[in-house]
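Predicted model only: the values in this text are computed from it and were never measured.
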Amino acid sequence: MATLQVIDRDGVSHDVECKPGLKVMEVLRELDYGVAAICGGMCSCATCHIYVDEAGRTSSRPRCRTSAIS
């Protein structure tokens, strides 16, 4: 199972366990401090944008906004 380090809008860091097969937006939407994702992940409301730290980019796989967590 993957773990995300989430820094909320107040600057507090959280380690979040992710279920395989879910998109990052789906994981974050379920958190009390997560994102609203009111458009359902259609990239039209800008509430689920994420930033990936350069050190965290270990995959050489192509990026795809519909990729699920593996």
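In this structure, E30 CD and M25 CE are separated by 9.5 Å, a value rounded to the nearest 0.5 Å.
At distances below 3.5 Å, at least one donor-acceptor pair connects side-chain atoms of D8 with backbone N or O atoms of D10. E26 contributes a side-chain N or O that, together with a main-chain N or O of K23, makes up a donor-acceptor pair within less than 3.5 Å.
Residues L31 and L22 share a hydrophobic cluster, clusters being chains of Ile/Leu/Val/Met/Phe/Trp/Tyr side chains in contact below 4.5 Å.
The shortest side-chain heavy-atom distance between V6 and L28 falls under the 4.5 Å cut-off. Counting only heavy atoms from C-beta outward, the side chains of I7 and V12 never approach each other to under 4.5 Å.
For I38, the side-chain contact (heavy atoms from CB on, under 4.5 Å) partners two or more places apart in sequence, or in a different chain, are A36, C45. Not a single side-chain hydrogen bond (donor to acceptor under 3.5 Å, both in side chains) links S44 to another residue, sequence neighbours left out.
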Legend entry - Full working for side-chain contact (heavy atoms from CB on, under 4.5 Å) between V24 and L4: CA-CA 9 Å; V24 172; L4 293 176; 4.1 Å; yes
